[in-house]
Each structure stands twice: as structure tokens, then as C-alpha cells.
Amino acid sequence: MSQTDDSPPNEADADALSVPAFPRLPERVRRAVVGVLALTAGLGAAVAHPPWSIWVGLLGYPLLMALTDRATSVRSGFWIGWIAGFGYFLVSCWWVAEAFLVNPAQAWMAPFAGSLLPAGLALFWGGATAVYQRYGAGRGVERVFVFAALFGLFEWLRGHILTGLPWNPAGATWAAGSAPSQIAAYVGVYGLGLLTVLGVCAPALLAGPGRWKVKAGYLAAGTVLITGLFISGAARLSGADLRLTPTTVRIVQPDVDQQAKWEPDQFEAVVRRYVNLSASQSGARPDVVIWPEGALPVTANDAFSSWVGPSIDRALEPGQTLVAGFSRAEAGRDGEPSYFNSLFVLHDSGQLRIAAIYDKYRLVPFGEFLPLGGVMSATGIRSLVHVPADFSAGPRPRPVDIPGAPRAQPLICYESLYPGFTSSEGGRPGWIINISNDAWFGRTSGPRQHLNLAAYRAIETGLPMVRATPTGISALVDPWGRVGPRLEPGESGVLDVRLPEPAAPTLYAKIGDLPFLIFVVLLLISGLRFNSETRISKSQGA
């Protein structure tokens, strides 16, 4: 086709959002329309996630693909993806700003935190659409393979580059424990995201070139793929055989908010609340008691050398075990202390003893360490970390022995976002312990999404998960990701639960992301090979 855009080609290429999808509109209006549509695509994909689960929002992915198909340059393709990604992560991660409201003196930083994080994460969406614009956009119907593969690949990169932040990958759109979520047992959450995007993007082909019979065939195939997620997942759930071990676990949720915990006059009250909730109630005697991450506003060094240690000991009966999160200090070779965010396994064998310690491996940038420590200290961000220095990372996660219970894989806080952190070193663990401090984020969507993301680790590994937080949501998750007994945000109390037996080892637990990466490569080869013939003219109308 001939060029129909009134602007010169070089002017169109220079504009970040010049897309000839609306040829009758003035260029400035056209750019605004494309920007609004891109933002709508990201917002829609975001609200498809729990806790909203508005599945029609999944149509944001084909809208994003259709807009990129008509981008005039790699640069415009990038900005379309970045705007969509910004909307997506703004909805997904806005609760991060809540942490800066804990200390009123730092409230001014909340808008920056709430916008800079989405802006940074959106770079991965922009990267995916930029590469797609260069190599796949505007070609034949098989371009849907290229879009899904590149989007899935950049999602995987988002979870790995610079320690990664795999918050709300596309696969986690499906609530953990639902039928579609079960596919993560075979291909992981990244593989599930790839299949989801591939299936829902078929409608984007309707606006492009190709025979209608071929388009209809791909649309039907996409429908079959999404339907297949439901059917195959339901079949897996129908074979779920939930069996319980003799081990009883008590999950303690005291409902202590973050600001109150650090008030000096509240210290004794906080300790007493944990101790009283942990003590046996109504004749129940759990084998294991679990406290959340950073349960007490004191290091383990200080706690065990003061009245706090004996108080904890009195809350336990002989033979019981307490699993609790504490920060701890350890003398370094240079005489300077190193600080760790740790999980302690404390066993009462007549007297309280430390049975095991797990040090957090994946630390939170700007929360537990500052990448630019000297510079960032001057901004006051360090005050979010209640130790005088950065935390140090522990060794890669591995299971620990729990007296009175099966071996367990600890995951502290946002380590539960990362697939593949459950190790079988020394034998397969019997369960996952996830302690977290979601009190930073109040009663926002953050704690609910965190639970959904953490529950995917149960699906991927076939292991039950016990999750403890100070303000919610504390819960038992079975090996199929289904959330059982739970304490909601703002509730104070305990959950006494029988620990489920693990399910059979999953394919994902055995080979990890290998099927996902193979599928990405195959889709790219197929899409690029069969799409080398045709290309949409950049002047074609919507």
C-alpha cells in the first residue's frame, strides 16, 4: 500500500507514539488516543489479577499486541509497551507507597516510591514490545507466537535481572488453587503466563492481514488453549488426595501494626501478646509454633540475653518447637558486625535451644540493603531498615530440620515470589514455611496478592505451605495451592492446623523452567520463520 499519513516519514519515526491506526485523526490526537489505549491495556491486565479477578482485563494483552503491530518504529513500540507496563505495575504495586507512610516524616517519599517502581518495571514491557515491533509486528498470523514468546521471555528476565522482582507475572492472573493455576505444576508460573498470553492474544490477529479462515482457526485455537487450562487443571484437582500428617502447627498472628511495634512503650506488650497467643489453649498442644518475620522489635542477640528469652521459654512446653523471625548480628572478621534477617528454629528440650538458623538469601533492595548505601542514607530511606547497617545475604535456600516435624524449606517474606528457591538438598522437604512482615503494607491489596503469589510455590513443588504474618494474611496452603484456614488482615489470633502430606513431586520441581525456555525458543523459531513473507503497511487503518 501507499503511504497515506500526512506527516513525513522521518517525522513519524521521530515521534514516540506515532501509530497509523487512526489515519483520519490529527497526529497529536492520534498519539493521545494510542497512549490512552496502551494505558488501558495495562490497567486491564492488572485488574485481571486477584484480588479483583476481572478476567475480561486479559483482553489488555491482545490490545497491546494490536497497538504494537501498528507502531511506526522500534522507539514507538517501546513507548507503547512502557505506558501499558506503567499502568499495569501502578495498579499491581501501588501499595509499596504504604511503607513510607509508617513514619510520617517520610510520607513525602510515598508518591515517588509508588511511581518510580512501576516506571522501572515497565521497562521490561517496553523491551518486549520494542523487540516485537522490530521482528514480529505487522507480519503474518504467526506473529502471535513471536509476541507471546517475547512477552514471556521478558517476564522471566524481570524475575532474574538485578536480583529480579517477579511480582504479578502474567501466569499469576489465575488465583492459586484454581483449575488454570494447576498448570504451574508442569511449566511453572512463567510457563503458565506464556500459555495464557498466547491463548488470549488470538483476537489481535483479527485486525491484521491474512485470510479470515486462517484467523478464525487461530481464534478457535486460542479458545481451545484457554479452555484446556481449565479442563486439565480441573482434572489434576479431581485427583488431589489430601492427607494429613500427625504434626500440628500453630500459626500466630498478633495483629501488631508496623508503627506500634517500634514504639518503646509498646515493647513489653508486643512480647506478651506473642507469648500469650503461643501458650497452649483449651488443651491444644501443637508440635510447632510459628511466628512471623521480624516478630519482635529487637535482635535475637538482645532477646536471648534479656527477659525476653525466658518469657519465650515459658510459653513452650517440653518437646515443642518455635519457628520465629528475628534479625541477628554476627561479628565480622574486621570487627564490624554483619546483620542478617533470619529464621530461628528454637526447641524446648527442658531448656530452650537453637536447633537451626536460616538466613534470608534474597534481600529487598532499598528495604534491607541500599544499592547506593552512602547516597541513599542521606535521603532517609535507611530508616525503613531498623538496624544501623545493611543486611547481609545468607547462602542459597536449603531445607532445615524441625524437631517434631518434617524437614522444611524456609522462605522469608518476598523470597516466596521466586520459583525454584525450594531445594531438595539432603532430601525433599515435607513443607514450606513462609514467614513475612506484610504489616508494612497495611490493609492494601499487597498482602492479598503476596499470599496468591506465595501459594504458587506450593503448586510448583507439590508441598504444603504454612504462612505467618503479623497482621495478615496468615494461612495454611495445601500442595495444590488451595488456601485453607486463614486469618484476615486486622485479625488477631492463632490457627491450629494439621500439616498436610506433600503431593507427588511435580515436573516443575524436577526440571524447573526448562520446558518454558524450550517453548519460548520453539515459538520464536516458528513465528519468525513463517512470518518472513508478509508485513502490514504502516499506513493501514485500524
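Counting begins at 1 with the first residue of the sequence.
- Ion pairing between a basic and an acidic side chain is recognised when a charged N comes within 4.0 Å of a carboxylate O; Arg467 and Glu293 show no such pairing.
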Listed pairs under 3.5 Å, donor-acceptor, residues 232-244 side chains, sequence neighbours left out:
residue : atom : partner : partner atom : Å
Ser232  : OG   : Gly228  : O            : 2.6
Arg236  : NH1  : Gln182  : OE1          : 2.6
Ser238  : OG   : Ala235  : O            : 2.6
Asp241  : OD2  : Arg243  : NE           : 2.8
Asp241  : OD2  : Arg243  : NH2          : 3.0

Start with the C-alpha gap between Leu476 and Leu495, add the side-chain angles, then the distance that decides, and say whether side chain to side chain contact (heavy atoms under 4.5 Å, CB included) holds. CA-CA 9 Å; Leu476 172 69; Leu495 293 173; 6.0 Å; no

Residues Phe145, Leu198; criterion side chain to side chain contact (heavy atoms under 4.5 Å, CB included); working and verdict: CA-CA 7 Å; Phe145 296 164; Leu198 179 61; 3.8 Å; yes

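- Side chain of Gln253 to main chain of Gly472: a donor-acceptor pair is present (N/O by atom type, distance under 3.5 Å, no hydrogens or angles).
- A ring pair (Phe, Tyr, Trp, His ring centres under 6.0 Å) with Trp167 holds for exactly one of Trp95, Tyr418, Tyr414, Phe89; it is Trp95.
- With a 4.5 Å cut-off on side-chain heavy atoms, Thr129 and Trp79 do not count as touching.
- The only option from Tyr88, Tyr132, Trp125 that meets the ring pair (Phe, Tyr, Trp, His ring centres under 6.0 Å) definition with Phe151 turns out to be Trp125.
- At distances below 3.5 Å, not a single donor-acceptor pair connects side-chain atoms of Arg70 with backbone N or O atoms of Leu67.
- When all heavy atoms of Ser436 and Pro292 are compared, the pair lying nearest together is O-CB, 3.5 Å.
- Between Tyr190 and Gly159 the shortest heavy-atom distance is OH-CA, 3.5 Å.
- In this structure the side chain of Cys413 reaches within 4.5 angstrom of the side chain of His450, judged on heavy atoms.
- Under the 4.5 Å side-chain criterion, counting only non-hydrogen atoms from C-beta, Phe78 is in contact with Leu123.
- Here Leu165 contributes atom CG and Cys93 contributes atom SG; the two are 6.0 Å apart, rounded to the nearest 0.5 Å.
- Pro169 and Val189 make their closest contact through CG-CG2, 3.9 Å (heavy atoms, listed as atom of the first residue, atom of the second, distance).
- Between Val477 and Ala455, the closest heavy-atom pair is CG1-CB, 3.9 Å.
- Judged by distance alone, the side chain of Gln133 and the main-chain N or O of Thr68 form no donor-acceptor pair under 3.5 Å.
- Interatomic distance, Ser178 OG to Ile183 CD1, rounded to the nearest 0.5 Å: 9.5 Å.
- The main-chain N or O of Tyr186 is never found under 3.5 Å from a side-chain atom of Thr506 such that the two would form a donor-acceptor pair.
- For the atom pair CG of Leu153 and CG of Leu517, the computed distance is 8.0 Å after rounding to the nearest 0.5 Å.
- Here Phe441 contributes atom CZ and Thr469 contributes atom OG1; the two are 12.0 Å apart, rounded to the nearest 0.5 Å.
- No side-chain donor-acceptor contact under 3.5 Å links Asn168 to the backbone of Ala46.
- Leu58 contributes atom CG, which lies 12.5 Å from atom CG of Leu63 (distance to the nearest 0.5 angstrom).
- In this structure, Gln449 and Pro50 have side chains that are not in contact, with every pair of non-hydrogen atoms separated by 4.5 Å or more.
- Listed here is the closest heavy atom pair of Gly430 and Pro464: O-CD, 3.4 Å.
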Step by step, would you call Leu192 with Tyr456 a side chain to side chain contact (heavy atoms under 4.5 Å, CB included)? CA-CA 11 Å; Leu192 176 57; Tyr456 265 86; 3.8 Å; yes

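- Across Ala84 and Leu64, no two heavy atoms sit closer than the pair CB-CD1, 3.8 Å.
- With Ser526 contributing its side chain and Leu523 its backbone, the two residues share no donor-acceptor pair below 3.5 Å.
- Put simply, the side chain of Ile226 reaches to within 4.5 Å of the side chain of Val200, judged on heavy atoms.
- By the 6.0 Å contact criterion, CZ on Arg398 is open, its count of non-hydrogen atoms from other residues, nucleotides or ligands being 12 or less.
- Between Trp174 and Phe230 there is a side-chain heavy-atom pair separated by less than 4.5 Å.
- Listed by first then second residue, pairs satisfying salt bridge (charged side-chain N to carboxylate O under 4.0 Å, His left out) with a partner in residues 158-168 read Glu155-Arg158, not counting sequence neighbours.
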Pair Ser423-Arg396, side chain to side chain contact (heavy atoms under 4.5 Å, CB included): steps then yes or no: CA-CA 9 Å; Ser423 170; Arg396 190 168 181 83; over 6 Å; no

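- Under the 3.5 Å distance criterion, the side-chain polar atoms of Gln409 are left unmatched by any main-chain donor or acceptor of Ile432.
- In this structure the side chain of Leu524 never reaches within 4.5 angstrom of the side chain of Tyr135, judged on heavy atoms.
- The closest side-chain heavy-atom distance from Glu491 to Arg486 is not below 4.5 Å.
- A donor-acceptor contact under 3.5 angstrom links the side chains of Trp94 and Ser445, judged on distance only.
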